[in-house]
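What follows is a set of notes on a single structure, which appears directly below.
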Number of protein chains: 2
Amino acid sequence: MEEKKTTTRAAERALDILLCFVEKPELAMREIVEKTELSKSTVFRLLATLEAKGFVKRDPDTEKYSLGFRIWELANHINRSDDPAILFLPEMERLRDDIDETVSLYVRDGLERVRIQAVESQQAIRRVAPIGARLPLSVGASSKVIVAYTEGDLLGRVLSDPMWPSGIDRDLYIKQLQEIRTQEYAISMEEREAGTAAVSVAIHSRAGNLIAALVLSGPISRMNEEQMIQYVPRLVKAAKEMGKLV
Amino acid sequence: MEEKKTTTRAAERALDILLCFVEKPELAMREIVEKTELSKSTVFRLLATLEAKGFVKRDPDTEKYSLGFRIWELANHINRSDDPAILFLPEMERLRDDIDETVSLYVRDGLERVRIQAVESQQAIRRVAPIGARLPLSVGASSKVIVAYTEGDLLGRVLSDPMWPSGIDRDLYIKQLQEIRTQEYAISMEEREAGTAAVSVAIHSRAGNLIAALVLSGPISRMNEEQMIQYVPRLVKAAKEMGKLV
DNA sequence: TTATTTTGTTTCACCAGATGAAACGTCGTT
DNA sequence: AACGACGTTTCATCTGGTGAAACAAAATAA
C-alpha cells in the first residue's frame, strides 16, 4: 500500500524479535527464527545485541531467551496513565453514556484476547463484562477485528490452533476478516453466547498500529444488525479519539 | 577492554535511543542527538523506525517523543517476578540474617537513586530504610557505585547538576569512583546522615549491565571501616547470586 | 518588516558493515 | 557409530546504513 522507507532494517528486525515475546515468554532461538523468518545468523547476532543491552536475557540452563530487565526499567518510566485501560476510560464512558450499552476493550495475548477495560450499560438487562476475562480469538466480533488488523501470521496460527472450535468454518472466518478490513467494523450475533450481540472496531495508533479492539455489546433484543450498523459511526469516532491519545 | 563484535550497530543504536527515555520521559529529537552523539539523519531514521513499531510515540503538538504502547505491551508480558525488588528479596534476607544490618537495593532514576527494596536489621539500634525513598547521586556509597558503573556521561551530568551539594569536592568524588571500580566496593561514613555508615557493591547482569546497587548500612558504632571491609566478600557473593537471577 | 538561528526533513554517493549460505561444534537420540 | 537438531562462527557478497550537506519550517532576534 503505502511506501515509506525512512526506516532502518536492522533496527526493525531487532524490534520484531522483541515483539515475539508477546506470543510466548520464553523462546529458543529456533522459534524466533521461525516466527521472524530471518536467517539463523541474523537472529543470532540481533539476539546478542539485545542481550548485551539487557533487553533480553538468556537462561543459562535452558538456553532460552526471555525479556530482560531493560524492559522492566523502561516500563517503570512509562507513564502509568499511558496504560490504554486508563487512558481510554473517559472516552469509553462517553460512548456508554451516548448509547447505553456495555463497552469493552480487548487486547491480544498470544492466541487469546483479554478484556482490559469495560464500562457497563446502566440498563437492567445488560451485558456484564468482567475485566480480565480471557476469550479465544476464534469467535466474536472483537476477535476478528484483532486478527484482521494484526500483521504477521497470526491468522495462520489461530487457524491451526488445536483449540479451534470444530463448529466454525475456517473459510467463512477468513472471508469475514476481508469484509472487516473493507467495512472497518465487525458484527457478531450470538456467536459465543446466546442472546448476546456485539459490534467492534479497531483502535489504531497514529503510526497505524493496532492498539486494541473496542466493542459494544448487549442483548439481541436491543441489538439487531440494523441497529448495530447505526452505532458504527459513533464507535469509529470514539476509536479515532482514543487513537490520538496513544 | 573486551572485544566481542557479534552485535549489530543499527539495532544497538536504536536500543540506545530507547534508553534515553530513562533520563527524561519526553525528548525532542535534538536532545536525543546530543545524548547519543549520533548524526541527525541517523537519529531521525531510527526514531521513525521506533515510531512505526510503536516503541516510541510523538506528541503531534510538542513534536516531542516519548515511550510508546509497545513498551507497555512488553511490560505486561514480563514476568512480575522479574522485578529485581521481588527477585532479589530472598537473597537480601539471607544477607541480612548473616550480618544483621539493614540491606537496601537502589536503582537509578535520572539523577537520583530510588530504594526499591529493603530488609532491616533486627537489632534495636538499626538503620531504618523506607522503600521508595529517593536520594541524590552526589552522596552515599551506593550513589558512587551506581555512577561508577553506569556507561555514558552520567558522571558529567551528575557533576554539573545544579543540585550538587556545595560542600562536596568534585575531584575527590571522581577519585573515589576510580577506587570503587578497582576495589569493587564503596564505603561511606556519615556522608549523608550523621551516625550512619554504609558499604555498597554493584549487581551486574550476566551480560555485564549494572542492575542495581546493594547496600549494607548501620550505625557507626557497629560499622567501622575495618568491620565493613570484612563484610565485603559476603556482599559480593550476594550480588553475584542476584546477578545470576536477572 | 527582514535577518538569523534553531530544529527537523530529505537527498545522495560511498563503502562500512549487515547479510545468508555454508561449514563447524555440540549436544542428545536412535 | 550414525544421525539429526540446534547453536555458533566464518566469509564473500553487495545491500542498505551512514553522515554531510542541502533544504524547509518555525522560532527568535534585530
Side-chain angles (χ1 to χ4, degrees), chain A residues 2-21 23-53 55-68 152-153 205-208, chain B residues 2-21 23-53 55-68 205-208:
Chain A
E2 10 59 60
E3 296 302 322
K4 26 175 88 177
K5 283 187 185 158
T6 335
T7 58
T8 301
R9 283 255 312 286
E12 217 168 17
R13 293 172 167 189
L15 300 178
D16 282 339
I17 290 179
L18 278 181
L19 292 180
C20 290
F21 292 98
E23 315 293 339
K24 209 157 163 260
E26 281 211 323
L27 293 167
M29 194 182 107
R30 179 187 53 79
E31 298 178 277
I32 298 174
V33 169
E34 285 165 12
K35 274 186 209 288
T36 58
E37 299 186 323
L38 301 172
S39 72
K40 275 200 293 182
S41 346
T42 302
V43 171
F44 180 72
R45 246 174 306 110
L46 288 174
L47 278 172
T49 309
L50 288 166
E51 192 186 7
K53 293 279 170 191
F55 282 78
V56 304
K57 68 179 182 205
R58 181 173 214 183
D59 187 307
D61 300 328
T62 68
E63 295 207 319
K64 290 201 171 190
Y65 291 91
S66 52
L67 292 173
D153 190 35
S205 70
R206 271 183 301 266
Chain B
E2 10 60 60
E3 297 303 319
K4 27 175 88 176
K5 284 187 188 159
T6 334
T7 58
T8 300
R9 283 255 312 286
E12 217 169 17
R13 292 172 168 190
L15 300 178
D16 283 339
I17 289 179
L18 279 181
L19 292 180
C20 289
F21 292 97
E23 314 293 339
K24 208 158 164 261
E26 281 212 321
L27 292 167
M29 194 183 108
R30 180 187 52 81
E31 299 178 277
I32 298 173
V33 169
E34 285 165 10
K35 274 187 209 289
T36 57
E37 299 185 325
L38 301 173
S39 73
K40 274 200 295 181
S41 347
T42 303
V43 171
F44 180 72
R45 246 175 305 111
L46 289 173
L47 278 172
T49 309
L50 289 166
E51 193 186 5
K53 292 280 170 192
F55 283 78
V56 304
K57 69 178 181 208
R58 181 173 212 183
D59 187 306
D61 301 327
T62 68
E63 295 206 318
K64 291 200 171 188
Y65 291 90
S66 53
L67 293 173
S205 70
R206 271 184 301 267

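Every value quoted in this text rests on a predicted model; they were computed, and no experiment measured them. These values consider heavy atoms only, across backbone and side chains, with no hydrogens, waters or symmetry-generated copies. In the text below, chain A, chain B and the rest are named by the order of the sequence lines, each starting its count at 1.
B/K35 pairs by the salt bridge (Lys or Arg N to Asp or Glu O under 4.0 Å) definition with nothing, not counting sequence neighbours. Remark: A/K40 engages no residue in a salt bridge (Lys or Arg N to Asp or Glu O under 4.0 Å) (not counting sequence neighbours). The salt bridge (Lys or Arg N to Asp or Glu O under 4.0 Å) test applied to A/E34 returns A/R30, not counting sequence neighbours.
Rounding to whole angstrom units, CD1 of residue A/I17 and C1' of C/dT19 are separated by 13 Å. For the pair A/K64 NZ and C/dC27 P, the interatomic distance rounds to 19 Å; values are reported in whole Å.
Protein chain A touches strand DNA chain D; the 5'-most and 3'-most nucleotides with an atom under 4.0 angstrom of its non-hydrogen atoms are D/dC6 to D/dG17.
When all heavy atoms of B/L18 and B/F55 are compared, the closest pair comes out as CD2-O, 4.0 Å. Nearest heavy atom pair, residue A/T8 against residue B/A10, reads CG2-CB, 3.7 Å.
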List the protein contact pattern of nucleotides 6-15 of chain C with one symbol per nucleotide (5' to 3'): B for base contact, S for sugar-phosphate-only contact, - for none; contact means a heavy-atom distance under 4.0 Å. -SBBB-----
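Between the CD1 atom in A/I32 and the OH atom in A/Y65 there is a gap of 7.5 Å [rounded to 0.5 Å]. The NZ atom of B/K64 sits 10.0 Å away from atom CG of B/D59, with the distance rounded to the nearest 0.5 Å.
Consecutive Watson-Crick or G-U pairing (both distances under 3.5 Å) extending over three or more pairs maps onto DNA chain C as C:1-30 with D:1-30.
A donor-acceptor pair under 3.5 Å is absent between the side-chain atoms of B/T36 and the main chain of B/I17, judged by distance alone. Remark: side-chain polar atoms of A/E31 are paired, donor with acceptor, to backbone N or O of A/A28 under 3.5 angstrom. For A/R13 (side chain) and B/A11 (main-chain N/O), no donor-acceptor pair under 3.5 Å exists by modelled atom type.
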